[in-house]
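Here the structure comes first, spelled out in structure tokens, and everything after it is commentary.
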Amino acid sequence: MTFLPKPRVHHPALPKNEIGLTRRDYEGTITTLCAGCGHDSITAAIIQAFWELSIPPHKVAKLSGIGCSSKTPAYFLKEAHGFNGVHGRMPALVTGANAANGEITYIGVSGDGDSLSIGIGQLSHAIRRNVNLLYVLENNGVYGLTKGQFSASADRGSLSKKGEANTMDAIDGCLLALTLGATFVARSFSGDKAQLVPILKAGLAHNGFAFVDVISPCVTFNDHDGSTKSYAYTREHNVEIVQADFIPPRDEIRTTIDAGGVREVMLHDGSFVRLRKVAADYDPIDRDRAYAYIRERQREGEIVTGLLYIEPDSKDVHDQNNTVDMALTQLPFEQLCPGSTELDKLQARFR
Amino acid sequence: MDRVNDFAFKIATANGTGSASANGLIMQAIFRMGVPVTGKNVFPSNIQGLPTWYEIRVSKDGYTARTPTFDLMVALNAATYQKDVAEVRSGGYLFYDSSWPLDDKLHRPDVTYLGVPLAEMCNAAFSGVRERILMKNIAYAGALAALLEFDTDIIRQLLKEKFGKKPALMDSNQKAVDLGYDYAKAHFDCPLPMHLQRMDATKDAILIDGNTAAALGCVYAGATVAGWYPITPSTSLMDAFRSFCEKYRVDKASNKRKFAILQAEDELAAIGMVIGAGWAGARAFTSTAGPGISLMSEFIGLAYYAEVPAVIFDVQRTGPSTGMPTRTQQGDLMMCAYASHGDTRHVCLYPADPREAFEFATRAFDLSERFQTPVFVLSDLDIGMNDWMIPKLTWDDSYRPDRGKVLSAAELEEAKSFYRYLDVDGDGIPYRSLPGTHPKGAYFTRGSGHNKFAGYTEDGDEYTEVLDRLDRKVQRAAKFVPAPIVKATPGHKLGLVTVGGCHAACLEAMDLLAKEGIVVDYMRVRGFPFGDEVTGFLESHDINFVVEQNRDAQLRSLLMLETGVAIGKLSSVRYYGGFPMSAHHVIAGIKARLEKAA
């Protein structure tokens with residue numbers, strides 16, 4: 001019933017976050033996606049994450065490319081500026097926006113078509129630059145909006161709705177990100193909000209490019225037998241190997257640390273990500289081992305999920321550029337223009 | 001009869017041998033003698049070893065257009081000797097390195113040959129392969145100093161300024177100059193009939209290239225973000241911008257940068273970054289050439305439709321496709337006017353020299369933000385990469401950037417409602433809000449169909465309403481772009497119309513034609529969309545000669561499409577072989593047309 005506007009009333013006892021907002025204040029318009037679409041669950045997790053972090057919605061910018069998943073920014077954070085760009089080119093837009101105003105929190109939403117085919121170049125370079133944003137790749141193995149073509153993340157041998165088998169290997173976003181030097185790599189599943197929300201929070205707090213690949217089944221075009229991105233297949237084959245909790249800087253509560261396999265990583269803003277290894281032989285701080293581990297598990301048919309890799313000392317574009325602290329958009333003109341006396345002086349070298 | 005301060009000479013060498021240094025010395029020496037001078041670098045698309053030429057024109061009357069033949073050829077590249085000999089005018093001179101014999105078969109009886117054993121002398125005076133090659137070039141500069149009567153004190157001074165901190169280099173350079181100078185003085189009747197003489201015409205001028213001037217303009221305009229991808233001939237614009245920013249935009253206390261220059265992975269990313277930055281509220285630009293604009297087209301359409309400011313410098317080169325990357329044209333006029341699919345029209349500015357490149361940079365940012373639309377500044381390789389003499393640049397300290405209609409937090413707080421694409425005051429330009437300002441400022445920017453409330457639409461009327469307003473908005477910019485330069489007298493029947501890099505050739509052609517009794521009015525368009533003054537000029541003449549450097553007469557097409565003036569009134573004069581326009585091309589074209597009419 002997407003033609004109905006959302007009702008403004010809500011339960012009077014809805015909890016408020018630290019800036020006095022309820023979760024409803026972090027919502028957008030009603031979704032126009034198919035009923036049961038994985039993307040809507042991710043949207044709910046995004047709303048939850050922002051609300052829990054008490055980020056003022058208007059201090060967020062939400063960008064996307066083209067595709068079903070790229071429509072979702074309309075469904076969260078109605079008070080944030082949104083930019084639905086052109087296909088595969090959102091990373092350049094957000095890189096420029098971030099360069100201009102590094103004080104805003106950026107979230108980019110994309111799909112496997114937008115990110116791993118037409119957009120693979122821009123995605124790769126935004127990762128390489130380590131642009132400070134949370135990048136959510138809503139991954140269903142198909143081009144939903146254009147009605148069901150295989151995407152680059154479709155596994156070899158998986159079947160389209162029409163029964164056609166895919167003959168090419170999948171591009172795995174997490175492995176790609178690891179190869180490119182990504183400083184934060186995670187994989188999750190739209191059906192596992194408990195896992196996804198802390199990952200999103202950690203990604204938002206991370207000082208750099210936070211790549212989150214979320215398996216998000218397409219009920220209309222890729223939820224059948226023979227799909228390796230269906231609800232059924234994902235539930236059966238996904239294995240959480242690192243459990244992440246996000247602890248904001250001001251939280252004084254120190255919970256007991258389990259005897260084995262917990263590591264805390266401090267983020268740029270003083271918050272912490274607590275990583276508990278579910279798989280004993282996994283190390284989320286070792287890039288090469290992470291890569292090898294994921295490949296190995298893939299051979300066994302497992303989709304490993306969790307916060308797979310994090311680099312503690314991540315330097316984003318502005319760190320590398322040594323930009324002034326104030327957003328470039330806030331600098332007064334007097335600080336930017338050298339003036340007439342200087343123009344007169346500098347022209348001496350052109351004589 | 002001596003020709004003082006009115007001649008042209010050409011230096012043929014191979015690139016990567018240090019000739020650029022020698023040529024720069026020559027140029028500056030002439031300039032410091034107070035004589036108007038222009039230099040044009042004709043270089044190959046290569047790094048080292050291929051032919052390169054430098055054409056210097058000395059003109060007491062201030063003519064800067066290229067000449068078709070040369071009074072003196074400095075022929076130092078055996079590979080191009082045959083071609084170089086052919087370009088000497090009858091009665092002219094050919095200077096060569098007499099360490100090796102010339103090809104007798106190419107001997108011209110109507111040319112005087114001046115041989116100086118440069119290689120021999122330099123091999124004797126200097127050691128080291130690299131030094132010998134570099135000093136050979138400086139030695140020819142010394143020989144020219146004698147032949148053309150340079151002021152040797154000025155040369156000495158220039159060497160001191162350049163190498164003051166490295167006395168060894170200064171000494172060897174001076175030694176090389178003296179070698180060439182002394183030999184020429186001893187062996188030839190110096191000076192030649194065409195030579196220099198001190199004047200006072202450069203006192204308030206500078207020698208600068210268009211790319212450097214444009215970059216300086218971007219600094220002065222307050223640009224803070226640049227996204228770019230290297231491409232000849234626009235790279236030096238961004239290099240200059242970086243250099244100026246490192247000097248003027250670093251916070252003294254913290255040593256931190258008040259700018260971000262992002263070298264993108266390709267032109268699509270470059271323009272994407274510019275648009276993202278403009279959307280966020282920064283003055284952002286890119287600099288590229290024709291192939292880059294082709295790549296950027298999709299994003300340009302997005303910026304047009306979603307109304308996001310962006311400034312794009314197109315330093316035009318010869319197309320189509322990869323074309324001749326180191327040759328000049330004005331071949332992107334149509335593409336930039338209408339970049340991207342669907343119905344688009346863009347504001348374009350057309351500078352003719354480095355001074356306008358500097359001034360139009362600021363105009364571009366003001367227009368882009370005022371009209372919330374991409375603005376193109378179309379320069380070309382000749383303007384961008386060659387050294388031009390221009391009056392010293394000035395800056396009005398009372399200038400304040402026109403950031404356009406942007407709602408502040410206070411205004412948003414007060415407002416009952418805000419909708420991105422409402423034309424509230426009838427000028428066709430809505431108000432916009434920047435990310436991070438205020439909760440009431442939020443809206444969705446999209447390239448898909450939208451209505452005036454910034455809502456997604458597939459409704460025909462809603463879509464049309466926005467598209468029509470966009471057209472009105474940009475058409476209105478015609479009143480705000482730089483006005484054409486016009487020299488006209490009522491009653492004249494012939495007009496000459498041109499754009500950008502053809503300016504110098506047209507002015508010179510007009511003077512020469514006038515001497516023959518052919519009088520033409522002049523109009524150089526400097527902005528697009530075209531205003532009423534452009535249409536008026538065209539209508540008031542029986543024939544308008546439209547002079548431009550591209551095969552398909554793009555300026556003529558634009559004039560026809562946009563002003564509705566009949567094709568019969570627009571006669572095309574084109575030269576598009578890749579070299580800068582010459583007055584003789586213009587004259588030949590006009591005369592051919594007049595003969596046909598007669």
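Proteins come first, then strands; the chains are lettered A, B, ... in the order of their sequence lines, and each starts at number 1.
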Name the member of [options] that forms the most heavy-atom pairs with chain A at distances under 4.5 Å.
options	answer
B:K256, B:R283, B:H438, B:R400	B:K256
B:S448, B:G301, B:P435, B:A205	B:P435
B:W395, B:F444, B:Y456	B:F444

With rounding to the nearest 0.5 angstrom, report the [atom1] to [atom2] distance, [X] to [Y].
X	Y	atom1	atom2	result
A:H125	B:M273	NE2	CE	9.0 Å
A:S340	B:Y399	OG	OH	14.5 Å
B:D387	A:F350	CG	CZ	9.0 Å
A:Q347	B:I390	CD	CD1	7.0 Å
A:D344	B:L393	CG	CG	10.0 Å
B:I261	A:N321	CD1	CG	8.0 Å

Under 4.5 Å, counting heavy-atom pairs only, tell me which of [options] racks up the most with chain B.
options	answer
A:I104, A:T95, A:V86, A:N98	A:V86
A:N322, A:N101, A:T329	A:N322
A:T105, A:N84, A:V60	A:N84

Hey, does [Y] have a side-chain heavy atom less than 4.5 Å from the side chain of [X]?
X	Y	answer
B:V219	A:L336	no
B:Y248	A:L346	yes
B:W279	A:L93	no

Please state whether the side chain, the backbone, both or neither of [X] comes within less than 4.5 Å of a heavy atom of chain A.
X	value
B:A269	both
B:A306	neither
B:T224	both
B:F299	side chain
B:L302	side chain
B:K247	side chain
B:K203	backbone
B:F358	side chain
B:V225	side chain

With a 4.0 Å cut-off on N to O distance, would you call A:R129 and B:E265 a salt bridge? yes
Using side-chain contact (heavy atoms from CB on, under 4.5 Å) as the criterion, point out the one residue from B:R249, B:K258, B:R257 that pairs with A:V324. B:K258
Side chain to side chain contact (heavy atoms under 4.5 Å, CB included) between A:L343 and B:Y220: does it pass, once the steps are laid out? CA-CA 9 Å; A:L343 183 62; B:Y220 272 75; 3.3 Å; yes
Can you pull out the residues in residues 28-38 of chain B with any heavy atom less than 4.5 Å from chain A? B:Q28, B:F31, B:R32
Will you find, in the side chains of A:H81 and B:S433, an N or O donor that is under 3.5 Å from an N or O acceptor? yes
What part of A:P57 gets within 4.5 angstrom of chain B, counting heavy atoms only: side chain, backbone, both, or neither? neither
